[in-house]
2 protein chains.
Amino acid sequence: MAKAPPTAHSEPAQRMEQMIAALRAAGQRVTPQRLAVLRVLAESHDHPTVETIYERVSRDFPTTSLATIYKTLTMLKGLEQVLELGFAHMSSRYDGRKPSPHAHAICVRCGAIADPDIGPMESLAKDMAKRSGYKLTRHQIDFFGLCPQCQKKA
Amino acid sequence: MAKAPPTAHSEPAQRMEQMIAALRAAGQRVTPQRLAVLRVLAESHDHPTVETIYERVSRDFPTTSLATIYKTLTMLKGLEQVLELGFAHMSSRYDGRKPSPHAHAICVRCGAIADPDIGPMESLAKDMAKRSGYKLTRHQIDFFGLCPQCQKKA
DNA sequence: CTGATAATAAATAATAATTATCCGGAGAGA
DNA sequence: TCTCTCCGGATAATTATTATTTATTATCAG
Ligand SMILES: [Mn+2]
Ligand SMILES: [Mn+2]
Ligand SMILES: [Zn+2]
Ligand SMILES: [Zn+2]
């Protein structure tokens, strides 16, 4: 059997290990429910909602409560292990694979979210910090429009 | 008396005229309540919340309902006469002075919002469109941190 | 391994922001 | 003036999220 090819970003399994390590380092308990949430986050490429995470966790863990998902995500946010994308008229979306702030493209029709690597935001943030006088700590950069699929249906 | 100095962006009065014209062009009625909302939007530099707009409108128009503010803002958004800044864990903020998308700095302590002109986002949007395949129509670019005042208090 | 204990999970209630519904009234146009 | 539609105000409903309460469980000292 051939060796698995190298990948640019972490495999779900190793991303999970990172998150578990972060929990332990923070003195947080590692419970089955939390492991289930971590797994969903590590495996999901679609920037799922709380509801979606809940459904995916529920497959293996049917008694889990929505509140548990919320609380786990809040905790992981505090540990900078998950990125929350917050919006006004739709529920938040979560990225557990790339937990540091990065730009997103959001389809206003179907909700699909893409996050290709684009030119770095550092210079933009520097510029904003300089001209506003703010001490900046994080950002959320969102572009809205139609995903390729929805463009076809138009 | 000296002539008023020229300004880079529109005076409240002329911004109001623009908005009124947009209403008329869209066949929308220009009512006293709506005029009151327009005035608040044209005069406010603080990116007010719905609640704040409501309070300001209520000074001159005490019987106004919150729902009217919401409905008027929704309409103005449709006419691209007001920019909504939507967030996950706080209520939306509105900019009626510069209604086209632009970057903001938001103070996480006191909520102050600044929007200095910074390096253009066009190239960033182009890059995102190219790499994601999305057809982009608008964006929201937010930087979070501490405003100058809150930095002092630290 | 066992038991003590503090943290956590589930269920549920509460909250906050926003949106929908209903109805009376004002206003533009015939 | 009449009419018909739009609009405003009051209030109910909805949605997303957070708080509370109680039972359960992961962790670790012994
Ligand atoms: Mn992402
Ligand atoms: Mn602005
Ligand atoms: Zn789409
Ligand atoms: Zn501040």
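Because the structure is predicted, anything quoted here is derived from the model rather than measured. FYI, side chains are in, hydrogens and waters are out, and symmetry mates aren't considered; it's all heavy atoms of this structure. Each chain gets a letter, A, B and so on, in the order the sequences are listed, and its residues count up from 1.
For Thr63(A) and dA10(C), the shortest distance from a side-chain N or O to OP1 or OP2 is below 4.0 Å. Close to dA10(C), at under 4.0 Å from its OP1 or OP2, lies a side-chain N or O of Thr68(A).
Note on ring orientation: taking the six-membered ring where Trp is involved, the planes of His47(B) and His102(B) are tilted (angle from 30° to 60°).
Rounding to whole angstrom units, CE of residue Met75(A) and C1' of dA26(D) are separated by 13 Å. Atom P of nucleotide dA9(C) and atom CG of Leu23(A) are separated by 10 Å, given to the nearest angstrom. Atom CG of Leu35(B) is separated from atom P of dG27(C) by 12 Å (rounded to the nearest Å). At whole-Å resolution of the value, OH in Tyr54(A) and P in dT15(D) are 17 Å apart. One can place CZ of Phe61(A) at 12 Å from P of dA11(C), the figure rounded to the nearest angstrom.
The side chain to side chain contact (heavy atoms under 4.5 Å, CB included) with Tyr94(B) is formed by just one residue from the set Leu73(B), Leu83(B), Val40(B); it is Leu73(B).
Nucleic acid contact class of Pro32(A) (heavy atoms, under 4.0 Å, all strands): sugar-phosphate only.
Between Arg93(B) and Asp142(B), no side-chain nitrogen of the basic residue sits less than 4.0 Å from a carboxylate oxygen of the acidic one, so the salt-bridge criterion is not met. Salt-bridge check for Asp46(B) with Arg56(B): passed, with a basic side-chain N closer than 4.0 Å to an acidic carboxylate O.
In the displayed structure, Gln149(A) atom CD is contacted under 6.0 Å by at most 12 heavy atoms of other residues, nucleotides or ligands. Remark: Glu80(A) CD is loosely packed, at most 12 non-hydrogen atoms of other residues, nucleotides or ligands lying under 6.0 Å away. More than 12 heavy atoms of other residues, nucleotides or ligands shown are found within 6.0 angstrom of NZ on Lys77(B). Environment of NZ in Lys135(B): sparse, with no more than 12 heavy atoms of neighbouring residues, nucleotides or ligands closer than 6.0 Å.
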Next item on the list: List the protein contact pattern of nucleotides 16-21 of chain D with one symbol per nucleotide (5' to 3'): B for base contact, S for sugar-phosphate-only contact, - for none; contact means a heavy-atom distance under 4.0 Å.
Entry: SBBB--
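The two residues Arg15(A) and Pro99(A) have their closest heavy-atom pair at NH1-CG, 3.9 Å.
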Grab the N/O contacts between the protein and nucleotides 2-8 of chain C below 3.5 Å, and write none if there aren't any.
from: dA6(C); atom 1: N3; to: Arg29(A); atom 2: NH2; distance (Å): 2.9
from: dA7(C); atom 1: O4'; to: Arg29(A); atom 2: NH2; distance (Å): 2.7
from: dA7(C); atom 1: N3; to: Arg29(A); atom 2: NH1; distance (Å): 3.1
from: dT8(C); atom 1: OP1; to: Gln28(A); atom 2: OE1; distance (Å): 2.7
from: dT8(C); atom 1: OP1; to: Arg29(A); atom 2: N; distance (Å): 3.1
from: dT8(C); atom 1: OP1; to: Arg34(A); atom 2: NH1; distance (Å): 3.1

